[in-house]
There are 2 protein chains.
Amino acid sequence: MESVQVWDVFDVNCPSRAVMEHISSKWGVLVQILLLRSGTLRFSELRRAIGGVSEKMLSQTLQTLERDGLVNRLVHPVIPPHVDYSLTDLGVRAATTVNTLFELIGNNWAEFEAAQIAYDRRKATA
Amino acid sequence: MESVQVWDVFDVNCPSRAVMEHISSKWGVLVQILLLRSGTLRFSELRRAIGGVSEKMLSQTLQTLERDGLVNRLVHPVIPPHVDYSLTDLGVRAATTVNTLFELIGNNWAEFEAAQIAYDRRKATA
DNA sequence: CGGTATCCTCTAAGATACTG
DNA sequence: CAGTATCTTAGAGGATACCG
């Protein structure tokens, strides 16, 4: 039996808004599509792959996604430490949708750019 | 002929990251799915419908989405002012994907909640 | 290696007041 | 009605140093 949407997202107190913010966060979206493509990655691999991310933000993002049940964190008890990150089933589904959004942007980039240029010109002449 | 993805989203300078941030922004996602459901709405209708949004943030969000070519802004030259907002074709496609994400959250809410509780318990005992 | 802890900066975002 | 202008603040986010 599947659970169903109980709250209205337009309500200020809708708790699903918070999860949405985690999934769609700046670094969260990049972590998700990277793990979707790569399967499993270590902390340092994620850090190197995602340009511009700080250790702090990566750590924080991973914790949030793990708490929401989107990311698996597997610690190998060895020295030096070895930690593997991967997507849960739920994470794969979220990441796939996020990836669709990125493809939409990439596949229509000319349209986005044209819209921005047109908008800026309208503002400049006005 | 469709344009294709030119940049790597993992590159710090990838311009599509900015558009992604607009689409997935806190208020942006709510504006999109509300317009997707309602078709056309006025500024004050959007403001009333989206719980918690300030005029400033709504205005800013609408401008960003309009600049990216996702939202149409139609001004009726009357007094008092009348401005209609709606989604462009591109906006409908983005909003539909965003809506999929919200449905994913709503349809699996029990799983999200359980994951959060389990995570918090793990942290507490540790 | 995989993080935390601390400090600091800057801007996202809310509140309020005002305007065409 | 549909915003803008101004002010203020909470917290997002970065830099650096340190630890198990």
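Values in this document were obtained by computation on a predicted structure and should not be read as measured data. Throughout, protein chains are lettered first and strands after them, A, B, ... in sequence-line order, and every chain is numbered starting at 1.
Partners of Pro15(B) under the side-chain contact (heavy atoms from CB on, under 4.5 Å) rule, at least two apart in sequence or in another chain, are Trp109(A), Trp7(B). With sequence neighbours left out, Val29(B) forms a side-chain contact (heavy atoms from CB on, under 4.5 Å) with Met20(A), Val98(B), Phe102(B). With sequence neighbours excluded, the residues satisfying salt bridge (charged side-chain N to carboxylate O under 4.0 Å, His left out) with Asp120(B) are Arg67(A). Residues that satisfy the side-chain contact (heavy atoms from CB on, under 4.5 Å) test with Thr88(A), not counting sequence neighbours, are Asn72(A), Leu90(A).
Rounded to an integer number of Å, the gap from CZ of Arg42(B) to P of dA2(D) is 4 Å. Rounded to whole Å, the distance from CG on Leu41(B) to C1' on dC1(D) is 15 Å. If you measure from atom CD1 of Ile79(B) to atom C1' of dC1(D), you get 11 Å, rounded to the nearest angstrom. Protein atom NE2 of His76(B) is 12 Å distant from nucleotide atom P of dG3(D), rounded to whole Å. Across the protein-nucleic acid pair, Leu58(B) atom CG and dG3(D) atom P stand 8 Å apart, rounded to whole Å. Taking atom CZ of residue Phe43(A) and atom C1' of nucleotide dG20(D), one finds them 15 Å apart after rounding to whole Å. Rounded to whole angstrom, the span from the OH atom of Tyr85(B) across to the C1' atom of dC1(D) amounts to 11 Å.
Residue contacts for Pro80(B): at a heavy-atom cut-off of 4.0 Å it reaches the sugar-phosphate backbone alone, with no base atom in range. Nucleic acid contact for Arg47(A): none, since no nucleic acid atom lies under 4.0 Å from a heavy atom of the residue.
Applying the salt bridge (Lys or Arg N to Asp or Glu O under 4.0 Å) definition to pairs two or more places apart or across chains, none involves residues 69-90 of chain B. Legend: salt bridge (Lys or Arg N to Asp or Glu O under 4.0 Å) pairs involving residues 47-57 of chain A, not counting sequence neighbours, sorted by first then second residue: Arg47(A)-Glu55(A). Under the salt bridge (Lys or Arg N to Asp or Glu O under 4.0 Å) criterion, no residue pair touches residues 15-36 of chain B, with sequence neighbours excluded. Residues in residues 30-80 of chain B take part in these ring-ring contact (aromatic ring centres under 6.0 Å, His included) pairs, two or more places apart or across chains: His76(B)-His82(B).
Extent of DNA chain C lying under 4.0 Å from chain B heavy atoms, first and last nucleotide in 5' to 3' order, is dA13(C) to dG20(C).
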Val83(B) and Leu74(B): CA distance, side-chain angles, deciding distance, side chain to side chain contact (heavy atoms under 4.5 Å, CB included) verdict: CA-CA 6 Å; Val83(B) 181; Leu74(B) 180 59; over 6 Å; no
Check nucleotides 13-17 of chain D against the protein and report each pair of N or O atoms closer than 3.5 Å, with its distance, or say if there are none.
residue	atom	partner	partner atom	Å
dG13(D)	N7	Lys56(A)	NZ	2.8
dG13(D)	O6	Lys56(A)	NZ	3.3
dG14(D)	O6	Lys56(A)	NZ	2.5

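Proximity of Ser59(B) to the phosphate of dA2(D): no side-chain N or O atom is located under 4.0 Å from OP1 or OP2.
Residue whose closest nucleotide on DNA chain C sits further toward the 5' end, between Glu45(A) and Pro81(B): Glu45(A).
Although no hydrogens or angles enter the test, the distance criterion places a donor-acceptor pair under 3.5 Å between the side chain of Asp8(B) and the main chain of Phe10(B). Using modelled atom types, no side-chain atom of Glu66(A) and backbone atom of Leu62(A) make a donor-acceptor pair closer than 3.5 Å.
With a 6.0 Å radius and a threshold of 12 heavy atoms from other residues, nucleotides or ligands, Ile79(A) has its CD1 atom at or below the threshold.
Taken together through direct or relayed side-chain contacts under 4.5 Å among Ile, Leu, Val, Met, Phe, Trp and Tyr, Val75(A) and Leu35(A) form part of one hydrophobic cluster.
Note: Thr64(B) OG1 to Ile23(B) CD1 = 11.5 Å, rounded to the nearest 0.5 Å.
A heavy atom lying under 4.0 Å from DNA chain D marks none of the residues of residues 61-73 of chain A.
Comparing the axis of the opening five pairs of the helix from dC1(C)-dG20(D) to dG20(C)-dC1(D) with that of the closing five pairs yields an angle of 60°, rounded to 10°.
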